[in-house]
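Down below is the structure, laid out as structure tokens.
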Number of protein chains: 2
Amino acid sequence: MPHDHADLHPGQDDCLGCTSPDLAFARHDHDHCAADVLARAEQLAAASGARLTPVRKRVLEILLESHKAMGAYDVLQRLAADGFGNQPPVAYRALEFLVDQGFAHRIRRLNAFAACMHPGETHAPTFLICKACDAVAEAPAAPVRAALDAAAQAIGFAIERTNIEALGLCPACRTVAP
Amino acid sequence: MPHDHADLHPGQDDCLGCTSPDLAFARHDHDHCAADVLARAEQLAAASGARLTPVRKRVLEILLESHKAMGAYDVLQRLAADGFGNQPPVAYRALEFLVDQGFAHRIRRLNAFAACMHPGETHAPTFLICKACDAVAEAPAAPVRAALDAAAQAIGFAIERTNIEALGLCPACRTVAP
DNA sequence: CCTTGACGTGTTACAGTATAACATACATAA
DNA sequence: TTATGTATGTTATACTGTAACACGTCAAGG
């Protein structure tokens, strides 16, 4: 589903740069980045019949404010400040919806959630978590997933879901404190 | 560090079968399997100066009783029954020690811990978790880790630790309920 | 119309997971 | 012997997650 980037990406035909894996670790036009992902999520939801209600949309917006993972209780605090309910299930249910729809991911290492940066594209997410700046990037994971599938198939294990997460230092933080 | 398997593995020169990845999902001589891993852990601890104290050893034994992951509170209950302390830090500290030494792994998807089936061998652990029987296997992960390293290197990310976990059905459970 | 059922939201209450901080004990080295 | 480090035990509390019920809305079918 193409969208108009002419004014934001002059001279570019598409918006591949919007979801490039290392974007999370680099300075970039994050307003555009977030607005773009949100718009795509809205289109996807409309197309699939999933209801991106006010709370749910607001949670996605909150997650999209940065390339970091947020705990459910942090999200909840923000929701409460916006006049939504302030009890845990409010946040957990909205987050669960977003994860189910592929609009967000759960980062188990951090007990936290992060917006999906390329919703709609099928991808077995692999996360690179910077321990210095807390940014989280979705890395290109097809080869990783292929290797994992091969290992599983070798012993007859049928994979349904995966959690692939790596903790380390992002390019920016490596140069600061090597 | 070789050990005598002559009487346990007649006709075999080594004990590769002891830590084969699919062992966790198959019927096998688990007493031998567990005793072997425990013995190797003790040797490694002695060699490195790490103190495998009674609580710690007992926790490892408990984890080794099955190829399943156990929650810290389950471990704690067992410890308490054996006359050790019955407060959470007792279990968490022993588990942390075992994880640090590479004698156990933390399975984040399950908020649980599992004994390492091949301590001492450097390995980036990859876990296959059967959702039916709860068994956890450490799969051969070198290719997975290589793919992950490649992806990380491509964007300049320096990986320090990884959590690679897959949920699905093990060979035995697949055939039961396909 | 209205009523029924599905869904979303809000709330209470609680269950499960994890750690900080302090006290005690025991070993070993100075 | 005293000092120091490490391990264990304990209290208390923080953090993460869910079950269950109440209420409202909205659309389908009577």
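Order of the sequence lines fixes the chain letters, A, B, ..., with proteins taken first and strands second; residue numbering starts at 1 for each chain. Keep in mind that the numbers below use all heavy atoms, side chains included, and drop hydrogens, waters and symmetry copies. Because the structure is a prediction, the values reported are computed rather than measured.
Contacts between residues 58-83 of chain B and DNA chain C, defined by a heavy-atom separation under 4.0 Å, are made by Tyr73(B). Contacts with DNA chain D (heavy atom under 4.0 Å) in residues 103-110 of chain B: none are found.
An OP1 or OP2 oxygen of dA18(C) is reached within less than 4.0 angstrom by a side-chain nitrogen or oxygen of Tyr92(B).
The ring pair (Phe, Tyr, Trp, His ring centres under 6.0 Å) check on Phe127(B) picks up His105(B), with sequence neighbours excluded. Contacts of Phe103(B) classified as ring pair (Phe, Tyr, Trp, His ring centres under 6.0 Å), with partners at least two apart in sequence or in another chain: none. Considering only residues two or more places apart in sequence or on other chains, Glu42(A) meets the side chain to side chain donor-acceptor pair (under 3.5 Å) condition with Lys57(A). Annotation: side chain to side chain donor-acceptor pair (under 3.5 Å) contacts of Arg109(A) (sequence neighbours excluded): Asn163(B).
Contacts classified as side-chain hydrogen bond (donor to acceptor under 3.5 Å, both in side chains) and involving residues 139-152 of chain B (residues at least two apart or in different chains) are given here: Arg145(B)-Asp149(B). Residue pairs meeting the ring pair (Phe, Tyr, Trp, His ring centres under 6.0 Å) criterion with at least one member in residues 131-165 of chain B, sequence neighbours excluded: Phe25(A)-Phe157(B). Residue pairs satisfying the salt bridge (Lys or Arg N to Asp or Glu O under 4.0 Å) criterion with at least one member in residues 153-173 of chain B, sequence neighbours excluded, are listed as follows: Lys131(A)-Glu160(B). Evaluation of the salt bridge (Lys or Arg N to Asp or Glu O under 4.0 Å) test over residues 82-103 of chain B, restricted to residues two or more places apart or in two chains, returns Arg58(B)-Asp82(B).
Asn86(A) places its CG atom 9 Å from the C1' atom of dG10(C), with the value rounded to the nearest Å. Straight-line distance from the CG atom of Asn111(A) to the C1' atom of dT18(D): 15 Å, rounded to whole Å. Here the P atom of nucleotide dG8(C) and the CD atom of Glu96(A) are 11 Å apart, to the nearest Å.
The closest donor-acceptor contact from the side chain of Glu138(A) to the backbone of Met117(A) lies under 3.5 Å.
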So which protein nitrogen or oxygen atoms get under 3.5 Å of nucleotides 4-8 of chain D's nitrogens or oxygens?
residue	atom	partner	partner atom	Å
dA7(D)	OP1	Arg56(B)	NH1	3.4
dA7(D)	O5'	Arg56(B)	NH2	3.4
dT8(D)	OP1	Thr53(B)	OG1	2.4

Would you tabulate the side-chain donor-acceptor contacts of residues 62-69 of chain A under 3.5 Å, counting partners in other chains and residues two or more places apart, or write 'none'?
residue	atom	partner	partner atom	Å
Glu65(A)	OE1	Arg78(A)	NH1	2.9
Glu65(A)	OE1	Arg78(A)	NH2	3.4
Glu65(A)	OE2	Arg78(A)	NH2	2.9
Ser66(A)	OG	Lys68(A)	N	3.2
His67(A)	NE2	His28(A)	NE2	3.0
His67(A)	NE2	His30(A)	ND1	3.3

